[in-house]
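Below you'll find the structure, written out as C-alpha cells, and then a few comments.
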Amino acid sequence: MIMCGIVGFTGNKKSAPILLEGLSKLEYRGYDSAGIAVLNDGTIKTQKTAGRIKSLMDNTNGGETINGSVGIGHTRWATHGAPTTENAHPHLSGNKKFAVVHNGIIENYSLLKENLINDGFEFLSETDTEVIPHLLEKYYDGDIKTTVIRVTNMLKGSYALGIICADYPHMIIAAKKFSPLIIGVSSDCNIIASDATAIVNTTKDIIYLEDGEIAFIQPDNIEIIDENQKKIQKEITTISWNVAAAEKDGFEHFMMKEIFEQPKSVANALNGRIKNKKVVFENFKLSKEELQRINMIKIVACGSAYHAGMVGKYILEDMTRIPCEVDLASEFRYRNPIVNDKTLTIVISQSGETADTLAALKKAKSSGSHILAIVNVVGSSIAKLSDDVIYTYAGPEIAVATTKGYSTQLAALYLFSAWCAQNLGTISANDLEYFLNSVKSLPQKIKETIDCCGNIKKISKICIDSSSLFFMGRNLDYAVALEASLKLKEISYIHSEAYAAGELKHGTISLIEKGKIVIALSCYSDLSEKMSGNIKEVVARGANIISCTNEKSPVISNQYITIPDIDSRLIASLEIIPFQLFAYYVAYYKGLDIDKPRNLAKSVTVE
Ligand code: F6R
C-alpha cells in the first residue's frame, strides 16, 4: 500500500469514534476500502468495508457501538489484491491475538507467505500485509517487544505499521521504515497516524518516527527504540498548521503536491522490478515465446495516457524493432484496426476506468490480441479485463491534470521496453545495463529537475496574456510537446498547439508573426541541429522563443529552461517537469481553479 492511511489510539475513552474520525480526515488521500480493529476484554474485533468510511460509521453509530479504548484503523488504496473487504486492513493473525495495519510494500512477502503456508498458516487475503500478523503469531514468545523486533527484521521493503496484541490491553505498537508514521502525544491518550491530518484535532504535539524505529505506546508512556534496539528519547514538535494545509502537505494545490511527489512515485513504479541487471515482472503471463511471435504493438489510450504512449512508441520501436502504433482509444474503437493474435495491445490508463480505453481493450481482446494494461488503480475494470497488468503505483492522484500518473506510465513503458529487448535479444548486455542504471537514476534526476526549475515562474508570467502559443519538437521532444501543450490548455485555458517541428513549414508557420511565443523543446541531442534550423525559421518571422534544452543540445533562444542530462531515451521524464510547473504557474497567475479545471472530470467513465 502506498498512499493508504493509518490511525491508532490508546487512551481512557472509546477508541472507535476517534479512529473513524481520524480515518475520515485521511479520506482526501483517496482509498477504496477501510477498517478498524479494537481490543476489548482480551478480544480483538474488526469492522471492515470495501467502500466508504461512512458505511463503517453507519454500521457502528459513529463507532459508539464498539467498546474498547485501544485500536487501529486504515484506509486502503489497493496495490496487492483487489479492493475487497477481505483485502481491507486490519489483518488478523490466525489465533486472532494480533491485528495489523500497514502502509508500504513488503517486497519479500511471496517467500514469507510460502513458508507460512508450509507451516500451516491460512491466508484470507491477497495482500502482502497479511504475512505480518501470521509472523507475529508464529514467533510470539510472550514478549511483544522481542517479537515485533524479530518480525520487522524479517521484512524487506517499506512499512509503516500499527499493531495491537490481545495480551497488551493498553498498547499500540508503531514501526516505521520508508513510510511516514507519527505519534500524537496528549495528556490522557496517544495516537499514531500516517499523517498529521488525522491527529491535529486531538493534539498538535507530534513525535516523528525515523526509519528503523519502533514505538510501544500506552496512554501514559511511550517507549521508543532505534534500529539498534536502543531506547531513545525523541523530541516533541508542536505543529502550527491546520487540517486543510496538512492534506496538501503544505502545498496550495494537489497538483503541485503531486508534481513534487514524482520522484517518490517513479521510485515506487520501479521498485523491485529491476533485479540482477534485468527487468522482472512477477506473474507475467506473456512468455518469451509469445513475445517472439508478436509482429505489431498497438498502444491505445486517451489524453495524457495517449501522450505517454507516444513516448512509448519511440522507445519500444527503437529497443525492440517491432512496429508500434499509438491510437486514440476513441478512434480505435470505431475503426477497423488490424489486430490479431500476433498483436500485442498495450492499454494505458491512470484510472483504469476510461470508457473509450475500456471499449478499445475489449475490441482488441475479441480479435485475439494479448492485452497488457499499464494502470494505476488496482482492481479497476481495465486491470481486471487485461491479460497482464503493470501497475504504476503512483498512489491516488487527486488533481484533475495528471502529473505523477503520466510520469509513472513512462517509467512502466521504459521497463516494459527493456523487458522486451532483453527477451528478444535486441539489446546488448552493456546497453541494457546502462539503460537500466539510467532508469534507476530517474527519481533522483526528476528531483534535480524540479530543483532547477527556478525561472519557470518568470517565464509563466511572460505567457499569461497570450491568447495562443506553439510548442514544437522532434522525436521524443515532440511527444513531450503534446503533453506540455495539453497541460497548459487544460488548466490555464490558453490555446496552444504542439507541432512536430519539421511539419511547421507545411502550413502552420503562416500563423507565426511578431511576438508569437514558440516553445522549442530540444533535449533530444541527436536532432538539436535540426531543431536549431526550425528555431531560426520561426525567429526570422518574429517569434519569441522559449527553449527547453540540456547541456548537450544548445539552441538560440530568448528564454531558456534547462534540464539535467540523461540517457536520451529517458528525456521525456525530465523534460515534462518544467512544463507541468509552467502550466501550473500560468493558471495560478490567472487565478484559476487549478485542481478542478472547468468542464473536466478526473475519470472519464462515459463516452
Ligand atoms: C490530462 C488528463 C487526461 C487523462 C485521460 C485518460 O491531464 O488527466 O487527459 O490522461 O482522461 O485518463 P486515464 O489515464 O485515467 O485513462
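Counting convention: from 1, in listed order, for ligands and their atoms alike.
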| task | Report yes or no: is the cationic atom of Arg273 (NZ for Lys, CZ for Arg) under 6.0 Å from the centre of the six-membered ring of Phe416, at an angle within 45° of the ring normal? | result | no
| message | Using side-chain heavy atoms (C-beta onward) and a distance below 4.5 Å, is Tyr414 in contact with Leu436? | response | no
| task | Consider only side-chain N and O atoms of Glu397 and Thr402, and report whether a donor and an acceptor are under 3.5 Å apart. | result | yes
| If you count the atoms of ligand 1 from 1 in the order shown, which ones are under 4.0 Å from a heavy atom of Ser349? | 13 (P), 14 (O), 15 (O), 16 (O)
| said: Can a side-chain donor-acceptor contact be found between Lys487 and Ser304 if the only test is distance below 3.5 angstrom? | reply: yes
| note | Within 4.0 Å of some non-hydrogen atom of Lys487, the atoms of ligand 1 are 1 (C), 7 (O)
| message | Regarding Glu331 and Arg335, does a basic nitrogen lie under 4.0 Å from an acidic carboxylate oxygen? | response | no
| query | Is the Phe251 ring parallel, tilted or perpendicular to the Phe260 ring (thresholds 30°, 60°)? | reply | tilted
| said: Under a 3.5 Å threshold, yes or no: a donor from one side chain and an acceptor from the other, between Thr84 and Asn87? | reply: yes
| task | Report yes or no: does a heavy atom of Val400 sit under 4.0 Å from some atom of ligand 1? | result | yes
| task | Could you check atom 11 (O) of ligand 1 against the protein and tell me its nearest heavy-atom contact, residue, atom and distance included? | result | Val604 CG2, 4.0 Å
| field | Check: Ser351 N/O within less than 3.5 Å of ligand 1 N/O | value | yes
| message | Just to confirm my output: which protein heavy-atom neighbour is closest to atom 10 (O) of ligand 1, and how far is it? | response | Ser304 N, 3.1 Å
| task | Record the part of Glu353 in heavy-atom contact with ligand 1 below 4.0 Å; permitted values are side chain, backbone, both and neither. | result | neither
| Closest protein heavy atom to atom 5 (C) of ligand 1, given as residue, atom name and distance to 0.1 Å | Cys302 O, 3.6 Å
| query | By number and element, which atoms of ligand 1 are closer than 4.0 Å to a non-hydrogen atom of Ala401? | reply | 7 (O)
| query | Nearest protein heavy atom to atom 16 (O) of ligand 1, by residue and atom, and its distance? | reply | Thr354 OG1, 2.4 Å
| said: Using a 4.0 Å cutoff against the non-hydrogen atoms of Glu490, which atoms of ligand 1 qualify? | reply: 1 (C), 7 (O)
| Which of the numbered atoms in ligand 1 are below 4.0 angstrom from a heavy atom of Gln350? | 13 (P), 14 (O), 15 (O), 16 (O)
| query | Under 3.5 Å, is there a donor-acceptor pair between the Ser568 and Tyr524 side chains? | reply | no
| Under 4.5 Å between any side-chain heavy atoms of Phe471 and Ser496, yes or no? | yes
| What atoms in ligand 1 come closer than 4.0 Å to a heavy atom of Ala305? | 10 (O), 14 (O)
